[in-house]
Amino acid sequence: MRYLTTAEVAERYRTAESTVRYWRHIGKGPRGIKVGKRVLYPEAELLRYERTLIDSRDEWGLAS
């Protein structure tokens, strides 16, 4: 299993690292796991999050 850092997740979603941290803080976005002082994101979790966005109809879903 591959794990991505906060910086890599931000790059993947073309946003700032602070945005990824904010998503984690408010309980939106992909779930990370804490390993020591770092938060890592399993690639499978990112795929799950993306599927949720596609299936979702709220403000966190796809752009119209």
Side-chain angles (χ1 to χ4, degrees):
M1 185 178 313
R2 182 166 180 243
Y3 292 88
L4 284 78
T5 64
T6 300
E8 292 169 325
V9 172
E11 184 177 326
R12 180 178 179 132
Y13 295 125
R14 297 181 181 178
T15 192
E17 288 181 50
S18 59
T19 300
V20 176
R21 287 190 294 270
Y22 176 70
W23 289 344
R24 190 174 66 247
H25 173 73
I26 64 170
K28 297 281 187 182
R31 292 175 288 197
I33 58 170
K34 191 116 180 190
V35 179
K37 293 182 179 184
R38 300 177 74 180
V39 176
L40 298 175
Y41 298 85
E43 195 164 39
E45 169 59 18
L46 299 178
L47 295 173
R48 183 210 59 82
Y49 170 66
E50 291 163 4
R51 280 192 303 272
T52 300
L53 289 179
I54 291 168
D55 295 340
S56 175
R57 299 207 185 275
D58 65 13
E59 76 272 13
W60 292 89
L62 295 174
S64 358

**Request:** Group every Ile, Leu, Val, Met, Phe, Trp and Tyr by side-chain heavy-atom contacts under 4.5 Å, then state whether L47 and L40 land in the same group.
**Result:** no
**Request:** Report yes if the side chains of M1 and E45 come closer than 4.5 Å at any heavy-atom pair, otherwise no.
**Result:** no
**Asked** Should the heavy atoms of other residues, nucleotides or ligands under 6.0 Å from CZ of R48 be counted, would the total exceed 12?
**Response** yes
**Request:** Using the rule that two of Ile, Leu, Val, Met, Phe, Trp, Tyr join whenever any of their side-chain heavy atoms come within less than 4.5 Å, decide whether V9 and Y22 are in one cluster.
**Result:** yes
**Fill in**
Nearest heavy-atom contact between T6 and V39 is OG1-O, 3.9 Å
**Fill in**
Those residues at least two apart in sequence (or on a different chain) that pass salt bridge (charged side-chain N to carboxylate O under 4.0 Å, His left out) with E8 are none
**Item:** Gap separating the NZ atom of K28 from the OG1 atom of T19, nearest 0.5 angstrom
**Value:** 15.5 Å
**Request:** List the atom of A10, the atom of E17, and the distance in Å for their closest heavy-atom pair.
**Result:** CB-N, 3.7 Å
**Message:** For Y49 and W23, take the angle between the two ring planes, folded into 0 to 90°, and tell me which bin it lands in: parallel under 30, tilted 30 to 60, perpendicular over 60.
**Reply:** tilted
**Request:** Flag the pair Y3 / V35 as yes when at least one side-chain heavy-atom distance between them is below 4.5 Å, and no otherwise.
**Result:** no
**Request:** With sequence neighbours left out, write down each residue that passes side-chain hydrogen bond (donor to acceptor under 3.5 Å, both in side chains) with R21, or none if nothing qualifies.
**Result:** none
**Complete:** Nearest heavy-atom contact between P30 and Y13 is CG-CE1, 4.4 Å
